[in-house]
J.: 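Please see the structure below; I have some questions.
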Amino acid sequence: MKPSELKSFIKEAVREAIQEELKDILLEAVRAPKLPTQETYQMSPVAVDTTIPQPPQKSPTEKRAMMESIMGDMRRGQDTLNFTTQNIAANTLQVAPGMNTSGEGSSLPAGNVGLDMIMGLMKGGK
C-alpha cells in the first residue's frame, strides 16, 4: 500500500468516527428531558462612601478681605467695560451706510411695496 493511499484511508476512517460520535451526541441532546434552568443571583452589600469632602472653612475676616479685594478691583475699573454716551457721539458705534447687519441669507428681497398694499394688509386684506 502506498503512503498516499494509507493517508486517505486513515482520513476517511477518522471522518466516519467523528461523524458517528457527533450523531450520538446530538441524539442524546434531543432525547434528554428538558429541565428548566433557573439562575439565582445573590446581591452582596457594597460599601459606599457617602461623605463629601468639605473645603477648608475660611474665617470671617478672610472672607471679608477676599470680598474687599474683588470690590476694590471693580472700583478701579480693572477688567470692566465703561460705556457712556460720549462713545456714541465719537462715531465709534455707528454702522456705515450700506453695511449688511443681518445674517447671511436673511436679508429681504429687493422690491417696492406701496402704501396701499400695506394699508390693505392692515385692514384685513382685500
Side-chain angles (χ1 to χ4, degrees):
M1 184 181 279
K2 295 181 182 179
S4 61
E5 291 175 354
L6 180 62
K7 183 178 175 183
S8 64
F9 180 72
I10 292 174
K11 261 186 172 177
E12 188 63 33
V14 169
R15 184 177 291 131
E16 286 176 9
I18 290 174
Q19 285 178 348
E20 286 178 20
E21 286 297 318
L22 284 176
K23 181 180 175 184
D24 291 341
I25 291 171
L26 290 173
L27 284 175
E28 284 179 28
V30 170
R31 290 181 187 162
K34 305 275 191 236
L35 294 176
T37 58
Q38 183 177 2
E39 297 180 14
T40 58
Y41 296 100
Q42 291 183 353
M43 301 292 286
S44 60
V46 176
V48 177
D49 185 17
T50 58
T51 59
I52 299 172
Q54 297 293 327
Q57 295 293 326
K58 296 189 183 319
S59 69
T61 55
E62 290 176 322
K63 290 180 183 178
R64 180 119 182 124
M66 289 173 54
M67 180 61 79
E68 286 178 0
S69 170
I70 293 169
M71 295 302 288
D73 290 344
M74 291 174 67
R75 275 188 226 113
R76 287 190 292 274
Q78 294 177 351
D79 299 328
T80 59
L81 299 175
N82 186 14
F83 289 111
T84 63
T85 55
Q86 293 175 354
N87 297 106
I88 296 172
N91 292 331
T92 57
L93 298 177
Q94 291 184 359
V95 178
M99 178 184 276
N100 183 12
T101 57
S102 62
E104 188 70 30
S106 64
S107 61
L108 294 174
N112 294 325
V113 178
L115 288 176
D116 56 338
M117 187 174 195
I118 294 172
M119 291 304 291
L121 289 171
M122 290 177 67
K123 291 181 181 178
K126 290 184 180 179

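What you see below is based on every heavy atom in this structure, not just the backbone, and it leaves out hydrogens, waters and symmetry mates. These figures come from a predicted structure and were not determined experimentally.
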J.: Given the rule that I, L, V, M, F, W and Y join up when any side-chain heavy atoms are under 4.5 Å apart, are V14 and F9 in one cluster?
T.: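 The answer is no; the residues belong to distinct hydrophobic clusters.
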
J.: Pairs of donor and acceptor atoms involving the side chains of residues 16-33, under 3.5 Å and at least two apart or interchain, shall be tabulated with distances.
T.:
none

J.: Check residues 54-66 and write down every donor-acceptor pair under 3.5 Å in which the side-chain atom is one partner and the other belongs to a residue at least two apart or another chain.
T.:
| unit_1 | atom_1 | unit_2 | atom_2 | d |
| --- | --- | --- | --- | --- |
| S59 | OG | T61 | OG1 | 3.0 |
| S59 | OG | E62 | N | 3.3 |
| E62 | OE1 | S59 | N | 3.0 |

